[in-house]
Amino acid sequence: MSQGRGKYDFYFGLGLAMSSSIFIGGSFILKKKGLLRLARKGSMRAGQGGHAYLKEWLWWAGLLSMGAGEVANFAAYAFAPATLVTPLGALSVLVSAILSSYFLNERLNLHGKIGCLLSILGSTVMVIHAPKEEEIETLNEMSHKLGDPGFVVFATLVVVSLILIFVVGPRHGQTNILVYITICSVIGAFSVSCVKGLGIAIKELFAGKPVLRHPLAWILLLSLIVCVSTQINYLNRALDIFNTSIVTPIYYVFFTTSVLTCSAILFKEWQDMPVDDVIGTLSGFFTIIVGIFLLHAFKDVSFSLASLPVSFRKDEKAVNGSLSNMYEVLNNNEESLTCGIEQHTAENISRRNGNLTAF
């Protein structure tokens, strides 16, 4: 692949990834608006088992928007490295949070605004330092990479996750949030690899190559169906048991870390990266993590920029009150000490006068 062609594919994949986040983030708003409209009409809500939303055009617009976002995200893996596409999925959370504050009157507190800003900055840093060219261009190259010892070890870890499903899950899945999230993350990273391979297959198909006769294409498709089904199942279990504000940031960290690890092993995206780009990519990723944490962990805290002066005034009053009390204590001590000295001096003088008189 030439350098110019590689940069063209990189920026095209970047545009697809960002458009995917916009479509997916907007889909939640459209669906929510449709459900709220049905609630105002008195229709049975979806949470109560109703299906009136199937007649609401806003809900269908949200569903189509999500479908378009998923298609764009799928196509982005065919052009841009997974190291870039996967972390940018956090932008859909930001788009949803920002749009909900404008169209759903859901208040975005100061922590959420700082989290959005940090996530945008982290995404920008990752875009700047992400690898610009692909290491795998054909299915034959991918089939060769699948036999690397590093990926064989990673695939073994996926098999270990099956043990988590059948052994650890029934015992500790209801009490430990990391069990189901670990299952989703490890299998989800494998599903991203399948999506990446299918994206390469589609590119070859459009180029006129006999991709449908290649057995790896069908293996990737079957593996993707199994992995996505398993991932959705256990993610829904985690969301049903634990708080969404806890599940979402933890799942993002675990899933993205697994994808970055898998990409580094299978696609060798980190092999030719300079040290400064590696540090920049990791720094951007950790910045996104902090932003997502602030956005979710403090979303129910009523704290805004306007309340900062009030807090400062309270702190200032407390400090001034402490200083005033301290001053009063010191003043009282000083007065007591002065009175004691005067009294003691008077007694000494009287004693001396008495002694002189007796003399």
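For clarity, every value in this text was computed on a predicted model and none was experimentally measured. Just so it is clear, the values below take in all heavy atoms, side chains as well, and ignore hydrogens, waters and symmetry mates.
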Out of curiosity, does [Y] fall in the hydrophobic cluster containing [X] (side-chain heavy atoms, cut-off under 4.5 Å, transitive links)?
X: Ile232; Y: Leu235; result: yes
X: Phe286; Y: Leu121; result: no
X: Phe285; Y: Ile279; result: no
X: Val152; Y: Leu266; result: no
X: Val125; Y: Val259; result: no

Would you say [X]'s side chain and [Y]'s backbone share a donor-acceptor pair under 3.5 angstrom?
X: Ser185; Y: Thr182; result: no
X: Ser21; Y: Leu88; result: yes
X: Glu204; Y: Pro210; result: no
X: Ser20; Y: Leu16; result: no
X: Ser96; Y: Ser92; result: no

**Aromatic plane relationship, Phe190 with Phe151 - under 30° parallel, 30 to 60° tilted, over 60° perpendicular** =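 Ring orientation, 0 to 90° scale: parallel.
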Side chains of [X] and [Y]: does their closest heavy-atom pair fall under 4.5 Å?
X: Leu84; Y: Phe10; result: yes
X: Cys184; Y: Phe254; result: no
X: Leu63; Y: Ser27; result: no
X: His129; Y: Val278; result: no

**Request:** Output all residues satisfying side chain to side chain contact (heavy atoms under 4.5 Å, CB included) with Val290, sequence neighbours left out; order by chain, then residue number.
**Result:**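 Expected list: Leu118, Leu294.
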**Prompt:** Taking the six-membered ring of Phe74 as reference, does the NZ or CZ atom of Lys196 fall below 6.0 Å from its centre and within a 45° cone about the axis?
**Reply:**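 So Lys196 doesn't make the cation-pi contact.
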Reported [atom1]-to-[atom2] distance for the pair [X] and [Y], which is rounded to 0.5 angstrom:
X: Ile292; Y: Thr287; atom1: CD1; atom2: OG1; value: 12.0 Å
X: Met142; Y: Leu198; atom1: CE; atom2: CG; value: 8.0 Å
X: Ser119; Y: Leu94; atom1: OG; atom2: CG; value: 4.5 Å
X: Trp218; Y: Leu212; atom1: CH2; atom2: CG; value: 5.5 Å
X: Ser191; Y: Leu220; atom1: OG; atom2: CG; value: 11.5 Å
X: Lys113; Y: Leu110; atom1: NZ; atom2: CG; value: 7.0 Å

**Item:** Within 6.0 angstrom of Phe23 CZ, more than 12 heavy atoms from elsewhere
**Value:**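 Atom CZ in Phe23 is not packed in, count stays at 12 or less.
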**Request:** State whether the number of non-hydrogen atoms from other residues, nucleotides or ligands found under 6.0 Å of Met66 atom CE is greater than 12.
**Result:**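 Atom CE in Met66 is crowded, with more than 12 foreign heavy atoms closer than 6.0 Å.
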Using every non-hydrogen atom in the two residues, find where [X] and [Y] come nearest and quote the distance to one decimal.
X: Ala72; Y: Ser19; answer: CB-OG, 4.0 Å
X: Thr261; Y: Thr257; answer: OG1-O, 2.8 Å
X: Ser123; Y: Leu91; answer: OG-CD2, 3.6 Å
X: Ile265; Y: Gly150; answer: CG2-C, 3.3 Å
X: Leu139; Y: Ala201; answer: CD1-CB, 3.8 Å
X: Ser263; Y: Ala82; answer: OG-CB, 3.2 Å

Considering residues at least two apart in sequence or located in another chain, which fulfil the side-chain hydrogen bond (donor to acceptor under 3.5 Å, both in side chains) criterion with [X]?
X: Asn176; answer: none
X: Thr86; answer: Tyr77
X: Asn233; answer: none

**side-chain contact (heavy atoms from CB on, under 4.5 Å) between Val192 and Cys262, intermediate numbers included** = CA-CA 9 Å; Val192 167; Cys262 182; over 6 Å; no
**Prompt:** What do the steps show when you test Leu64 against Leu30 for side-chain contact (heavy atoms from CB on, under 4.5 Å), and what is the final call?
**Reply:** CA-CA 10 Å; Leu64 293 176; Leu30 292 173; over 6 Å; no
**Prompt:** Phe255: what forms a ring pair (Phe, Tyr, Trp, His ring centres under 6.0 Å) with it, not counting sequence neighbours?
**Reply:**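 Here the qualifying residues are Tyr251.
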**Request:** Under the side-chain contact (heavy atoms from CB on, under 4.5 Å) rule, what do Ile288 and Met126 come out as? Steps first, then yes or no, please.
**Result:** CA-CA 9 Å; Ile288 296 175; Met126 289 203 70; 3.9 Å; yes
**Request:** For Asp148, enumerate each residue passing the salt bridge (charged side-chain N to carboxylate O under 4.0 Å, His left out) test, keeping only those at least two apart in sequence or located in another chain.
**Result:**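 Counting only residues at least two positions away or on another chain, Asp148 forms a salt bridge (charged side-chain N to carboxylate O under 4.0 Å, His left out) with Lys268.
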